[in-house]
There are 4 protein chains.
Amino acid sequence: MNDFKAHIPIYLQLINAIKQFIVSGRWPPGTRVPPVRELATQFGVNPNTMQRALLELERDGLIFTERTAGRFVTKDNDRIANVRQELCQKVIENAIAELKNLGFTEQEANLLLKTHHSGS
Amino acid sequence: MNDFKAHIPIYLQLINAIKQFIVSGRWPPGTRVPPVRELATQFGVNPNTMQRALLELERDGLIFTERTAGRFVTKDNDRIANVRQELCQKVIENAIAELKNLGFTEQEANLLLKTHHSGS
Amino acid sequence: MNDFKAHIPIYLQLINAIKQFIVSGRWPPGTRVPPVRELATQFGVNPNTMQRALLELERDGLIFTERTAGRFVTKDNDRIANVRQELCQKVIENAIAELKNLGFTEQEANLLLKTHHSGS
Amino acid sequence: MNDFKAHIPIYLQLINAIKQFIVSGRWPPGTRVPPVRELATQFGVNPNTMQRALLELERDGLIFTERTAGRFVTKDNDRIANVRQELCQKVIENAIAELKNLGFTEQEANLLLKTHHSGS
DNA sequence: GTGGTCTAGACCACA
DNA sequence: GTGGTCTAGACCACG
């Protein structure tokens with residue numbers, strides 16, 4: 001399960017992975033988040049690293065902590081929708097950047113995205 | 001310079017990196033490719049690994065070898081254009097896959113690409 | 001077992017030797033190919049060299065790899081027949097070249113091949 | 001110029017090479033044979049090895065020695081023709097052996113030689 | 001145990 | 001100095 005990019009802090013990559021769980025609905029609003037130790041094992045990282053990722057997610061308002069019961073996904077659907085929008089934006093901007101990297105101009109890149117044929 | 005993803009063969013990543021140099025025009029057709037050993041140093045890999053990448057690129061028709069003079073980017077513009085098209089396709093499909101990963105359906109993903117606002 | 005011609009890359013000679021195993025039927029279609037390391041020992045070469053030969057044979061479509069189970073001779077009889085035809089052609093052309101080297105003209109060489117008496 | 005097969009005595013290979021010079025007419029009957037030392041240099045071998053090859057050729061009746069003047073190609077055209085015939089025979093038998101090695105039967109091999117289309 | 005990958009270091013031909 | 005080849009030895013993923 002550990003498949004991290006070199007030289008990018010692991011906890012940032014963890015944050016992203018978990019954000020995907022949440023915005024994609026695999027972890028619906030209000031769901032209980034698995035215990036840190038379990039998550040750490042699943043992702044093959046040190047519990048401290050996972051802890052840090054969850055902390056940041058909490059500061060981001062995507063999860064909240066109930067002192068004794070554990071962590072839960074926020075019930076604030078708007079917040080989730082916003083994050084999804086952000087990630088979506090990043091994906092698209094990233095794609096455009098890569099297209100520019102292939103020698104296309106910004107305009108060409110935009111055009112390619114808009115006109116591609118949805119094969120597969 | 002070494003910034004490789006974990007668990008993806010380095011030589012494959014090298015191939016991709018060099019393809020970008022070629023299709024983007026940073027290495028124009030007919031240009032001399034830097035010597036294996038120099039490229040290997042730049043990318044922080046073993047010369048043999050770089051050699052393998054170049055070998056595959058040669059089989060792919062993107063570069064050719066002149067025994068003692070070095071390697072050169074192909075002058076076949078069509079070949080280059082084809083490869084650019086392939087890479088472009090991969091970028092877009094990848095973006096769609098990531099969007100689906102965020103919980104969007106295929107249709108929504110396509111729509112997002114087509115309608116996004118291009119101001120960054 | 002190592003009996004290689006000087007100044008011809010060993011891996012090319014390995015390729016040829018293995019092609020003969022396959023087209024001659026000593027390694028029938030679908031047969032499991034011995035493990036790289038074993039072949040390397042048999043031929044008295046480094047495993048990497050043998051690996052390279054097998055890689056090229058795979059690109060040639062004569063063998064295929066099953067990740068953990070090993071390599072196998074292709075089941076594509078047409079492909080095998082084609083290769084046999086190629087090798088056969090090379091043998092004949094080679095014979096003609098040698099005959100020309102003995103001072104015969106192309107016509108004489110052809111005639112000699114066609115008219116030789118088959119008792120050995 | 002040194003391009004010898006491994007594990008076959010070099011002097012035998014030299015004999016063959018020189019026989020080809022003679023039977024092909026590149027060294028016509030009665031021609032003076034270059035001095036041993038010069039031949040040895042050309043072929044990249046030790047003069048003693050070359051000497052041995054020439055000795056055998058002399059016993060074979062293909063060259064003869066004039067005490068002070070050097071060595072000469074025999075003027076016996078029949079002898080030369082015979083040797084050419086021998087070499088020719090060897091080439092053809094060798095080709096048949098290789099074809100059998102590709103999985104053809106003796107009959108098929110003979111047929112292939114007789115019916116091949118003289119392309120090139 | 002299989003194949004796949006990577007590194008380090010060496011030697012060679014060519015010009 | 002270029003590319004090409006070879007060896008030795010190591011580590012990894014997959015089952």
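In what follows, chains carry the letters A, B, and so on, assigned in the order in which the sequence lines appear, proteins first and then strands, with residues in each chain numbered from 1.
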C:Val33 or C:Asn48: which one's nearest nucleotide on DNA chain E is closer to the 5' end?
C:Val33

If you take all heavy atoms of C:Arg26 and D:Asn101, which pair is closest and at what distance?
NH2-O, 3.3 Å

Return no unless some side-chain N or O of B:Tyr11 is found under 4.0 Å from OP1 or OP2 of E:dT5.
yes

Polar side-chain atom of B:Arg32 near backbone of B:Ala69 as donor-acceptor pair, under 3.5 Å
yes

What's the CG-P distance between C:Leu12 and E:dC12, to the nearest Å?
19 Å

Figure out the CD1/P separation between C:Ile10 and E:dC12, and round it to whole Å.
13 Å

Taking OP1 and OP2 of E:dC12, is either one under 4.0 Å from a side-chain nitrogen or oxygen of C:His7?
no

Has B:Asn46 got a side-chain N or O lying under 4.0 Å from the OP1 or OP2 atom of E:dA8?
yes

Heavy-atom side-chain proximity of D:Arg52 to D:Ile15 below 4.5 angstrom
no

Which whole-number value in Å describes the distance from C:Arg52 CZ to F:dT7 C1'?
14 Å

According to the Watson-Crick and G-U wobble definitions, with both distances under 3.5 Å, which nucleotide is paired to F:dT2?
E:dA13

Distance check needed: F:dC6 P versus C:Leu54 CG, whole Å only.
14 Å

So which one's nearest nucleotide on DNA chain E is more toward 5', B:Arg67 or C:Thr68?
C:Thr68

I'd like to check B:Val23 versus B:Leu87 (side-chain heavy atoms, cut-off strictly below 4.5 Å). Are they in contact?
yes

Calculate the interatomic distance between B:Arg71 atom CZ and F:dG3 atom C1'; express it in whole Å.
6 Å

Measure from CG on C:Leu55 to C1' on E:dT5 and round the result to the nearest Å.
11 Å

Nearest whole Å is fine: how far is E:dG4 P from C:Glu58 CD?
6 Å

Can you tell me how the ring of D:Phe21 sits relative to the ring of D:Trp27, calling it parallel under 30°, perpendicular over 60° and tilted otherwise?
parallel

Which is true for C:Thr65 with a 4.0 Å heavy-atom rule: it touches a base, it touches only sugar-phosphate, or it touches nothing?
sugar-phosphate

When rounded to whole Å, the CD to C1' distance for the pair B:Gln51 and E:dT5 reads 16 Å

Report yes or no: is there a donor-acceptor pair, N or O only, under 3.5 Å between the side chain of B:Arg37 and the base of F:dG3?
yes

